[in-house]
Structures are given as structure tokens and as C-alpha cells.
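Here is how names work: the chains are called A, B, and so on, in the same order as the sequence lines, proteins then strands, and each is numbered from 1. The structure presented is a predicted model; accordingly, all values stated were derived computationally and were not measured.
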There are 2 protein chains.
Amino acid sequence: MNAYIETNIESTSTILRALSNEHRLRIMMWIMDPEAHFSPQKDGDLVKDGVCVGFITEKIGLTQPTVTSHMKVLAKAGLVTSKPIKNWVFYKPQRANFKTALASLNDMLG
Amino acid sequence: MNAYIETNIESTSTILRALSNEHRLRIMMWIMDPEAHFSPQKDGDLVKDGVCVGFITEKIGLTQPTVTSHMKVLAKAGLVTSKPIKNWVFYKPQRANFKTALASLNDMLG
DNA sequence: GATCAATATAGATGAATGCCTATATAGAAA
DNA sequence: TTTCTATATAGGCATTCATCTATATTGATC
């Protein structure tokens, strides 16, 4: 078989699985346009640094460990990166990887 | 909240979940371009009617009930429709719904 | 009408998911 | 160095998913 297509199917399905959960889809939507959905943070810029776990937790109404677990799924799929500042952790979208996934979907199914 | 966005999140995540399984993603890829992946069928046109369950089952190497179950997931997500001819059932992509999902993803995250 | 062929349904099982509470860790501040 | 705060980890539990075997259904054919 075609190794390129196979690798592509694997990573694409990982990304789709990450986004297939309503909470995670909502979270991605929020952090893609953080200034529209969160108020400014003290120790990290919403756009430059990302959104902290606490803000997401409060907004989505799940417990903090559950949110951390969702963020890890997004991170493993390559959709976000995390950066610790003081004792916060800020999550920021990886737009390029999202765009690549959309393009793959289009290649494969479009 | 915005009912439009909420409905959208629900149906989009349903479609993403349907496509997040590697087998289903592969099947969708095949039936989107059926002539590239299957040989002609006796009682149904690959493009006009769709691909029969038996062909998919043989190509993917799972059992027939498992394939039927996958096809039902795709159908529930609105990604395929089925049409019985004689005692075959042909599955055909619903391109418009797929395109809509891609567009929603772009709206929400792009 | 009996048989064959293609698909669907039923039911079981193991693995993965999503959620929680309780606790650990690590940096900041007192 | 004790305490506070933000996040991570551990572990348990219920639900959903992916798969199989066995069987039912339905149309075609003999």
C-alpha cells in the first residue's frame, strides 16, 4: 500500500477523534479566537501565550482534571501546545496542524 | 448561548466522530472515488448507485457485520445513503453533507 | 417451495472514553 | 519553610466502541 496515505489516515483520524468530542471542539473554538471568549489574563497574553487551564475549566463547567485530560488529547493530536508560566499552563492552538488536517481531508475525500 | 452554533457543534462532532475511525475514513475515501478502488459491479453502477457491502467487506478485511455497523455510523452522520437493489445494498457518499461539515469546521476554527 | 446469496440483527466481550474524587507536585508568596 | 494556588496524576466507575460468531431476513434462482 501507499505509506504516505497510510500515515496520513492515521494522523488525520487522530485529529478528527480529538475534535469529535463536543467539549474539545468547543474548547478549540474558544482558544482559536481567545479574545472573543475570555477576558485578559494577568500573567500571560491570550493570543501570544494561550489560555490557562483555569479559565477553560471555569467556562466549560467540568472539573479541572477532566479539562487537563481533554487538553492532553488535543496536544497529542498536535492541535495545541502548552507553555508553563509561573504556576499556570497556557494552551495555544497549533493552527498549521489544523490546516494540514483540513487539507488532508480535502485531498482524501474532496 | 447561540442555538445555531450549538446545533452546529453537535452535528459537526457527529460527523467528525464518524470519520475519526481509520476503517471508516478509509471506506469513505474509497467510495468517494469508487472507480479508483473497486471493479465494476454487475447490478449497480459504482458511481450512480454506490458500492455494495460485499466489496467493501472484502477490501477492508473485517467481517460483514462489522462493516454493516460501520456503514450505519456513516449513514447516521449523513455521510452516506444506502439503496437496495436486488439483494445488494449500495452505499453512496453524500458529498454535500461532507462539504458542509468542512465548511463548519472552517467557520468554527479557521 | 426449497435453496442460495447478500445483508441485517442479536448478543457477547474486551478495549477505550469520559467523568469524577482524592492526592501529588511545583512555583509563589508570606 | 510553611502555606497557598494552579495544574497534573492516580484510580475507580459507567458508558460507548469495535469486533466477533451465530442467526434472521429478504430477494433470486432452481
Side-chain angles (χ1 to χ4, degrees), chain A residues 9-10 13-28 31 38-44 46 49-77 79-92, chain B residues 9-10 13-28 31 38-44 46 49-77 79-92:
Chain A
I9 284 189
E10 192 183 332
S13 85
T14 299
I15 286 181
L16 295 179
R17 193 169 333 115
L19 292 176
S20 74
N21 176 284
E22 291 192 24
H23 290 315
R24 287 193 295 262
L25 189 52
R26 216 178 307 267
I27 289 172
M28 274 307 288
I31 71 177
F38 299 97
S39 31
Q41 300 167 136
K42 287 200 202 88
D43 284 297
L46 282 175
D49 303 308
V51 183
C52 71
V53 175
F55 271 29
I56 299 170
T57 298
E58 184 186 4
K59 194 177 179 74
I60 207 157
L62 295 168
T63 64
Q64 171 265 312
T66 298
V67 170
T68 290
S69 148
H70 281 313
M71 297 318 291
K72 281 192 185 311
V73 172
L74 292 172
K76 269 201 174 166
L79 288 167
V80 301
T81 50
S82 66
K83 161 159 81 171
I85 297 181
K86 297 192 175 177
N87 53 344
W88 286 272
V89 174
F90 296 92
Y91 282 92
K92 189 171 134 174
Chain B
I9 284 190
E10 192 182 334
S13 85
T14 298
I15 287 182
L16 295 179
R17 193 168 335 112
L19 293 176
S20 74
N21 176 284
E22 291 192 22
H23 291 313
R24 288 193 295 262
L25 188 52
R26 204 168 276 117
I27 290 172
M28 274 306 289
I31 71 178
F38 300 97
S39 32
Q41 299 166 139
K42 287 201 202 83
D43 284 297
L46 283 176
D49 303 308
V51 183
C52 72
V53 175
F55 272 28
I56 299 171
T57 298
E58 183 185 5
K59 194 176 179 75
I60 206 157
L62 295 168
T63 64
Q64 172 265 314
T66 298
V67 170
T68 291
S69 149
H70 281 312
M71 298 317 292
K72 280 193 186 309
V73 172
L74 292 172
K76 270 200 173 168
L79 288 167
V80 301
T81 50
S82 66
K83 162 159 79 171
I85 298 180
K86 296 192 175 177
N87 53 344
W88 287 271
V89 174
F90 297 92
Y91 282 93
K92 188 169 134 176

Between atom [atom1] in [X] and atom [atom2] in [N], what is the gap in whole Å?
X       : N      : atom1 : atom2 : result
A:Lys42 : C:dA29 : NZ    : P     : 11 Å
B:His23 : D:dT19 : NE2   : C1'   : 9 Å
A:Leu74 : C:dT17 : CG    : C1'   : 14 Å
B:Phe55 : C:dA6  : CZ    : P     : 10 Å
B:Asn87 : D:dT29 : CG    : P     : 8 Å
B:Ile56 : C:dA6  : CD1   : C1'   : 13 Å
A:Leu25 : C:dG18 : CG    : P     : 13 Å
B:Tyr91 : C:dA8  : OH    : C1'   : 9 Å

Q: Rounded to 10°, tell me the angle between the two end axes of the helix from C:dG1-D:dC30 to C:dA30-D:dT1, each built from five pairs.
A: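 Comparing the first five pairs with the last five, the axes sit 10° apart.
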Select one nucleotide: of [options], the one nearest the side-chain heavy atoms of [X].
X       : options                : answer
A:Pro65 : D:dA8, C:dT7, C:dA8    : D:dA8
B:Arg17 : C:dA8, D:dA8, D:dC17   : D:dC17
A:Thr66 : D:dT9, C:dC20, D:dA18  : C:dC20
A:Lys86 : D:dA22, C:dG18, C:dG27 : C:dG27
B:Thr63 : D:dC20, D:dA8, C:dT7   : D:dC20
A:Asn21 : C:dG18, D:dT7, C:dA6   : C:dG18
A:Thr68 : C:dT7, D:dT19, D:dT9   : D:dT9
A:Lys72 : C:dA8, D:dA8, D:dA18   : D:dA8

Q.
Counting distance alone, no hydrogens or angles: does the base of C:dA6 have a donor or acceptor under 3.5 Å from a partner atom on the side chain of B:Gln64?
A.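 No pair found.
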Q. Where the side chain of A:Ser69 meets the backbone of A:Pro65, is there a donor-acceptor pair that is under 3.5 Å apart?
A.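 Flag not set: sc A:Ser69 to bb A:Pro65 has no pair under 3.5 Å.
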Q. Heavy atoms, side chains only, cut-off 4.5 Å: are A:Lys42 and A:Trp88 in contact?
A.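 A side-chain contact is absent here, since even the closest heavy-atom pair is not under 4.5 Å.
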Q: Using a 4.5 Å cut-off on heavy atoms from C-beta on, say whether the side chain of B:Gln41 contacts that of B:Val51.
A: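 The answer is yes, as the side chains (C-beta and beyond) meet within the 4.5 Å cut-off.
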Q) When you look at B:Glu10 and B:Thr14, which way does the side-chain hydrogen bond (donor to acceptor under 3.5 Å, both in side chains) test go after all the steps? A) CA-CA 6 Å; B:Glu10 192 182 334; B:Thr14 298; 5.7 Å; no
Locate the shortest heavy-atom distance separating [X] from [Y]; write the atom from each residue and the value.
X       : Y       : value
A:Ser13 : B:Glu22 : OG-CG, 3.2 Å
A:Val80 : A:Met71 : CG2-O, 4.0 Å
A:Ser82 : A:Tyr91 : CB-CE2, 3.4 Å

Q: Drop me the distance from A:Thr57's OG1 to A:Ile27's CD1, to the nearest 0.5 angstrom.
A: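 The CD1 atom of A:Ile27 is 8.0 Å from OG1 of A:Thr57, to the nearest 0.5 Å.
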Q.
Here's a test of your reading of the structure: between A:Val73 and A:Ile85, which maps to the more 5' nucleotide of DNA chain C?
A.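 Whichever sits nearer the 5' end wins; that is A:Val73.
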Q.
Please determine whether a side-chain nitrogen or oxygen atom of A:His70 lies at a distance below 4.0 Å from atom OP1 or OP2 of C:dC19.
A.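 Yes, because at least one side-chain N or O of A:His70 sits under 4.0 Å from OP1 or OP2 of C:dC19.
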Q. Base, sugar-phosphate alone, or nothing: which one does A:Ser69 contact when heavy atoms must sit under 4.0 Å apart?
A.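 Contact class for A:Ser69: none.
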